[in-house]
Amino acid sequence: MTASLTFFGAAGTVTGAKFLLATGGARVLLECGMFQGLRALRGRNWQAPPVEPKTLGAVLLSHAHIDHSGYVPRLVRDGFTGPIFCSPGTADLIKIMLPDAARLQEEEADFRNRRGATRHAPALPLFTTADAERALRLVEPVAFDRRFSPAPNVDVHFRVSGHILGASIVDVVAEGRRLVYSGDLGRYDVPVMRDPNTVDSADTLLIESTYGDRLHPSGDAAPLIVQAVKRAVDHRAWLLVPAFAIGRTQELLYILRELEEAGRIPPVPVYLDSPMGIEATTIYTRHPGEHDAATARVAAEGKRPFVPSRFHVSPTADDSKRLNGLDGPGVVIAGSGMATGGRILHHLRRRLPDERTTVLFVGYQAAGTRGRLLRDGASRLRIFGEDVPVRATIMTTDALSAHADQRELLRWLGGFARAPAGTYCVHGEPAASAALRDAIERQLGWRCAVAADRQQIEL
Ligand SMILES: [Zn+2]
């Protein structure tokens with residue numbers, strides 16, 4: 001019996017991962033991600049699922065990010081009823097992320113319908129909160145390094161990838177052939193998360209390439225964060241940080257607390273204006289086994305690793321609105337990380353026209369997102385159908401990325417004792433994936449290809 005893999009999404013682009021593993025006896029979907037970014041990509045979320053959901057025996061998720069897990073409720077709505085396997089950390093995180101994604105869908109549809117800002121009448125959500133709740137009932141958490149069998153002749157275990165809490169490298173043996181999928185690969189020697197586990201062999205390897213053409217700046221993000229906080233303090237104004245609620249937010253809180261303790265920034269009020277960020281921080285605290293040694297030490301000293309001295313949370317919409325009336329200085333951390341939705345939009349709409357405002361981007365900004373437009377120097381920005389002038393100072397750091405850069409990807413690949421028979425770059429814009437392929441061929445001497453959408457390979 002042979003096993004094959006077909007790429008639906010995250011091939012030639014970063015988001016929308018769905019890889020179909022087919023053996024003689026079963027079909028397993030590896031990742032079930034939503035497309036994000038450019039309108040043409042987002043449109044693919046609305047097409048018929050590339051795989052008939054009823055024919056799938058199981059779904060495997062590497063981690064909770066929406067571009068890896070966000071299509072699950074739609075798959076369930078369209079008829080999938082099998083188990084969804086993921087690590088315990090991922091299971092905890094998608095409990096908050098999938099309903100949140102559903103709420104954003106519902107709110108956006110409502111908003112468009114109220115404003116008449118839609119070409120579709122009425123605008124519909126991609127999936128509902130009820131779809132998300134039904135999907136969550138199918139989740140079966142499996143601890144790291146524990147082997148399980150999602151289908152006949154398919155054995156899987158999750159290894160630590162270090163990207164965010166729960167993030168896994170997925171190690172699959174199907175019909176005797178070993179498929180290793182890097183998931184999103186974390187970094188070495190960064191705050192909070194552990195280094196990625198080393199893997200030493202595979203027949204087929206899927207490697208992410210989000211930053212396949214880039215090197216993160218050497219050194220850490222601290223100097224720029226210090227500069228951004230000080231600018232806010234000097235202007236008695238606001239520092240807005242659009243951040244993923246999961247991972248980036250906890251890393252930021254950890255760094256702000258460290259900087260404050262070291263006397264490098266004054267104790268400034270920090271508002272976590274994100275219900276999901278608040279819950280995710282609690283979940284991070286609940287999984288200390290996934291923290292790196294330094295974070296574990298902070299906790300062992302009786303301190304809370306993710307709590308700066310003047311820390312406030314804004315769980316409700318009213319709490320969030322109250323921030324509008326407050327005088328700075330202060331730091332607001334809110335989602336979404338690419339300013340594609342969420343509470344950060346209200347803060348941006350209100351504060352971007354004020355030249356005293358600072359906006360700090362700390363994560364990847366996909367093509368077509370408001371975050372990318374701002375980072376690239378847009379002087380005006382469409383928010384809620386309004387044209388908002390941008391007078392704020394925009395700062396960007398890639399040093400906080402949760403993704404390995406080209407050097408770190410090659411370092412992880414260096415753990416393999418021999419070349420996989422086939423290596424495929426996934427999760428990258430075309431230039432990034434091609435650059436990583438070239439580096440792998442040149443530096444490791446492996447055969448490597450950029451995965452093409454709808455391409456089918458034999459394992
Ligand atoms: Zn991710």
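Since the structure is predicted, the reported quantities are computational estimates derived from the model, not experimental observations. Numbering of ligands and ligand atoms starts at 1, following listing order.
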At a threshold of 2.8 Å, where the distance has to be below it, does the Zn ion (ligand 1) have an N, O or S atom of His163 nearby?
yes
With respect to the Zn ion (ligand 1), please indicate if His63 possesses an N, O or S atom at a distance under 2.8 Å.
yes
If you consider just the N/O/S atoms, which atom of Asp184 is the closest one to the Zn ion (ligand 1)?
OD2
Of all N, O or S atoms in His65, identify the one at the shortest distance from the Zn ion (ligand 1).
ND1
Just wondering, do Ile225 and Leu252 contact through their side chains at under 4.5 Å, heavy atoms?
yes
Test item: Thr295 and Phe306 side chains (from C-beta on) under 4.5 Å apart, heavy atoms
yes
Who are the salt bridge (charged side-chain N to carboxylate O under 4.0 Å, His left out) partners of Asp319, not counting sequence neighbours?
Arg322
For residues 430-444, pull every pair meeting side-chain hydrogen bond (donor to acceptor under 3.5 Å, both in side chains), keeping only residues two or more places apart or in separate chains.
Ser209-Ser433
